[in-house]
Amino acid sequence: AKNKGKQTYQVFNTEMKSDSLQRLTLENDLRRALSHNELMLYYQPQMDIETGDIVGFEALIRWLHPVRGLVPPNEFIPYAEESGLIVPIGEWVMQEACRQNKQWQDEGFLFVPVSVNLSTRQFLQHNLRDQVSEVLQRTGLAASYLELEITESSTMDVDFAIGVLLELKALGVKISIDDFGTGYSSLSYLKRFPIDKLKIDQSFVRDIMTDPNDAAIVASIISMTRHMNLRVIAEGVETEDQLVFLRNNHCNEIQGYWFSPPVSTFKVEELMLRIKQV
Ligand code: C2E
Ligand code: CA
Ligand code: CA
Ligand code: CA
């Protein structure tokens, strides 16, 4: 790899003729981001639909790029996955999310789980269980306050996935299936997975008020999860109408702009204080 001086940053996107060069630059930039603490976590609260309480936070990565500013994950996670950098990045995310959650607990803020996204590549790591266990030990966070979000694509090899999930569950962490409904999903396997929660993908939630098919899909997923004794959260809830629909259909939790977008730790603390005082 080309070794740039510590202070020079290449701006990708502009004047880059070839895709592969751009990818290489991005990869180098991302490597530097990891070692120079340019990555940060935003947190999006999850609300109990009945009580209005905050019942969790999802940690969502951001890259504070020295030239480009705040870069959203969709612009670099795919490259991180391709290059394998997602593994050290994912470890950093888990460590930081657990550290922060423990700090919030120590400071007397909320005791609620933090959700961390696990890419398939991380899920397939042979020592995932040990990694998770070490992070919990290092940070002192109780296992029940960590939730791991996996996608259906991590569960292609059903027996392997069940094995990993059982190991993780034995540690005491919670598991949810992210973007539910968008991937490969076989309902007959779903019931064999030792999971706690389904997250209904925002693409179904978006049009529940206007598209009867989406409304039916969302209502069925909720009813199915209730029968399976799983919790269910709807993602991408942006309007009061959607909230009311979901409440009438007995969805447990919501996450989305209606309640709060993902925000910095500073804003999360403000939000928690405000809710405490109500
Ligand atoms: P995701 O896991 O499905 O996360 C939810 C995404 O929906 C977030 O985008 C969030 O900002 C956005 N969102 C939340 N509420 C609403 C809403 O009401 N309306 C709309 N339109 N969008 C909403 P974000 O933060 O840009 O993250 C995008 C994706 O990047 C995530 O999708 C996840 O797949 C990936 N990602 C984020 N952080 C990490 C990470 O630490 N590790 C891994 N492997 N992937 C991550
Ligand atoms: Ca997620
Ligand atoms: Ca999702
Ligand atoms: Ca997604």
Side-chain angles (χ1 to χ4, degrees), residues 30 33-47 54-64 70-74 76-77 80-81 85-123 125 127-151 154 164-165 167-169 171-179 195-197 199 231 233 235 253 255-256 259-272:
L30 207 43
L34 194 57
S35 56
H36 286 54
N37 295 317
E38 291 169 16
L39 301 177
M40 58 189 292
L41 296 182
Y42 269 27
Y43 294 88
Q44 186 174 34
Q46 303 169 327
M47 188 196 90
I54 294 177
V55 288
F57 293 102
E58 177 172 3
L60 292 157
I61 198 169
R62 300 290 181 264
W63 179 4
L64 195 53
L70 210 59
V71 184
N74 289 338
F76 65 91
I77 290 289
E81 274 167 2
L85 275 174
I86 192 66
V87 172
I89 289 176
E91 269 189 74
W92 176 83
V93 170
M94 202 187 304
Q95 164 73 29
E96 175 57 17
C98 290
R99 187 203 62 74
Q100 181 65 70
N101 198 19
K102 178 68 164 76
Q103 187 182 323
W104 279 331
Q105 296 184 357
D106 289 345
E107 289 171 352
F109 288 105
L110 296 177
F111 281 68
V112 295
V114 66
S115 306
V116 168
N117 291 284
L118 267 198
S119 79
T120 296
R121 208 139 162 172
Q122 281 178 280
F123 188 77
Q125 287 250 294
N127 61 342
L128 177 62
R129 194 212 87 97
D130 295 339
Q131 270 181 42
V132 174
S133 155
E134 277 160 27
V135 164
L136 291 171
Q137 270 190 3
R138 265 203 305 271
T139 59
L141 185 73
S144 58
Y145 291 110
L146 174 62
E147 185 168 308
L148 300 175
E149 299 193 0
I150 63 166
T151 58
S154 296
V164 176
L165 293 175
E167 278 189 347
L168 294 172
K169 290 295 293 179
L171 290 178
V173 301
K174 297 199 167 68
I175 311 282
S176 58
I177 305 275
D178 200 3
D179 304 340
I195 55 173
D196 301 281
K197 196 192 273 186
K199 301 193 75 174
R231 291 187 68 75
I233 180 166
E235 293 194 89
E253 297 166 18
Q255 182 179 339
F259 188 62
S260 168
V263 290
S264 67
T265 52
F266 176 72
K267 288 223 171 113
V268 171
E269 287 166 16
E270 272 188 346
L271 185 67
M272 290 191 288

Between atom [atom1] of [X] and atom [atom2] of [Y], what is the distance when rounded to the nearest 0.5 Å?
| X | Y | atom1 | atom2 | answer |
| --- | --- | --- | --- | --- |
| R99 | M94 | CZ | CE | 15.5 Å |
| Q105 | Q100 | CD | CD | 11.0 Å |
| T151 | L118 | OG1 | CG | 9.5 Å |
| Q125 | E91 | CD | CD | 7.0 Å |
| N101 | F109 | CG | CZ | 12.0 Å |
| S176 | R231 | OG | CZ | 12.0 Å |

Any donor-acceptor pair under 3.5 Å from [X] side chain to [Y] backbone:
| X | Y | value |
| --- | --- | --- |
| S133 | R129 | no |
| R121 | E81 | yes |
| K169 | I195 | no |
| Q122 | S119 | yes |

For K267, is there an ion pair with E270 - N to carboxylate O distance below 4.0 angstrom? no
Begin from the C-alpha positions of L41 and L60 and carry the test side chain to side chain contact (heavy atoms under 4.5 Å, CB included) through to its verdict. CA-CA 5 Å; L41 296 182; L60 292 157; over 6 Å; no
Between [X] and [Y], is any pair of side-chain heavy atoms under 4.5 Å apart?
| X | Y | answer |
| --- | --- | --- |
| N117 | I77 | no |
| I150 | V164 | no |
| L70 | Y42 | yes |

Mind listing the closest non-hydrogen atom pair of [X] and [Y] along with its distance?
| X | Y | value |
| --- | --- | --- |
| L34 | L39 | CD1-CD1, 3.7 Å |
| L141 | K102 | CD1-N, 3.8 Å |
| P45 | Q255 | O-CG, 3.9 Å |
| L165 | I175 | CD2-CG2, 3.7 Å |
| Q46 | F57 | OE1-N, 3.9 Å |
| V112 | I54 | CG1-O, 3.5 Å |

Start with the C-alpha distance between L128 and E167, add both sets of side-chain angles, then the distance that settles side chain to side chain contact (heavy atoms under 4.5 Å, CB included), and finish with yes or no. CA-CA 9 Å; L128 177 62; E167 278 189 347; over 6 Å; no
Before we go on, tell me: are the rings of Y43 and W104 under 6.0 Å apart, centre to centre? yes
Looking at T265, I61, L64, which one forms a side-chain contact (heavy atoms from CB on, under 4.5 Å) with M40? L64
Show, in sequence, the C-alpha distance, side-chain angles and deciding distance for E58 and Q44, and conclude whether the side chain to side chain donor-acceptor pair (under 3.5 Å) test is met. CA-CA 5 Å; E58 177 172 3; Q44 186 174 34; over 6 Å; no
Show the numbers, then the answer: is there a side chain to side chain contact (heavy atoms under 4.5 Å, CB included) between L146 and V114? CA-CA 5 Å; L146 174 62; V114 66; 4.3 Å; yes
Indicate whether any N or O donor in one side chain lies under 3.5 Å from an N or O acceptor in the other, for Q103 and E107. yes
Should E235 and D179 be marked as a side chain to side chain contact (heavy atoms under 4.5 Å, CB included) after you check the CA-CA gap, both sets of side-chain angles, and the distance that decides it? CA-CA 8 Å; E235 293 194 89; D179 304 340; 3.5 Å; yes
